[in-house]
Amino acid sequence: MKEETMVPGSAAVLGLGYVGLPLAVEMARAGWRVLGIDIDPERVAALQSGRSYIGDVPAQQVEELAAAGRLQATTDFSGLAGVEVIVICVPTPLRKTREPDLTHVLAASGQVAKFLRPGQLVILESTTYPGATERVVRPELEKGGLQAGRDFALAFSPERVDPGNRRFGIRNTPKVVGGITPDCTRRAVAFYRTFVEEVVPVSSATVAEAVKLLENSFRAVNIALVNELAKEKGPYPLFPGSEW
């Protein structure tokens, strides 16, 4: 894939939780002018006053970036029309039936569609299932008449935030990126390379979604295994000669 370079400009992050806020801060530190959008007025007020509500994000960084004008927060979606890149980082909880609830993703995509303009890059980071970017987000974004892959770029890049990890953060955690077309992938890769050390392009948005599913499943199985082993010591040690 031919490499593309990008100069930090203006971007918006939708959803300022434990995924969106660290991302917005790292982008701003790399030179992006970031508009953070959240429907929670308390989060917005905190960021406007230079306060952090996420443990992994130092308040000093928020205060300095806000004072420099590189990080702003609002509940108003109209600012989306004036940015080059839009990253969606809203929650995707499970329903009672254990199916992913894409209510917030659909709502965010609907807001983006209202202000979408030609040339913008839209990236979904919210955890979802393979095919959701193409079959759920894309139709919502195209309701205004613009076509993904032709008029605007669309990609998926799974969040890989590990809250509380002091060794790995946004910058030094490899980033998987897949667009709905090769050009979409190139643009998304160029964007992430402005603030992430290692970016790994894959063949499509669906593959990137599958990567996230595989990683989460791998972690869940290993965590479950360790939890089972830790439940009871049992009459015999796990390894002969060892002590629990």
note = Closest non-hydrogen atoms of G179 and T185, given as atom of the first, atom of the second and distance, are N-OG1, 2.8 Å
inquiry  = Between E209 (side chain only) and T133 (backbone N and O only), is there a donor and an acceptor less than 3.5 Å apart?
reply    = yes
ask   = Is E142 reaching over with its side chain to a backbone N or O of P139, donor-acceptor style, under 3.5 angstrom?
value = no
request  = Apply side-chain hydrogen bond (donor to acceptor under 3.5 Å, both in side chains) to D183 and T181, showing your working.
outcome  = CA-CA 5 Å; D183 185 60; T181 68; 5.3 Å; no
Give a yes or no on whether a salt bridge exists between [X] and [Y], defined as a side-chain N under 4.0 angstrom from a carboxylate O.
X    : Y    : result
R29  : E26  : yes
E125 : K175 : yes
R219 : E215 : no
E198 : R193 : no

query = Of V87, V112, D38, which is the lone residue that meets side chain to side chain contact (heavy atoms under 4.5 Å, CB included) with L14?
reply = V112
message = One pair to check against side chain to side chain contact (heavy atoms under 4.5 Å, CB included): Y129 and R135. What are the steps and the verdict?
response = CA-CA 10 Å; Y129 55 84; R135 298 199 299 267; 4.0 Å; yes
inquiry  = Hydrogens and angles aside, do T206 and E134 bring a side-chain donor and acceptor to less than 3.5 Å of each other?
reply    = no
ask   = What distance separates R187 CZ from I123 CD1, expressed to the nearest 0.5 Å?
value = 9.0 Å
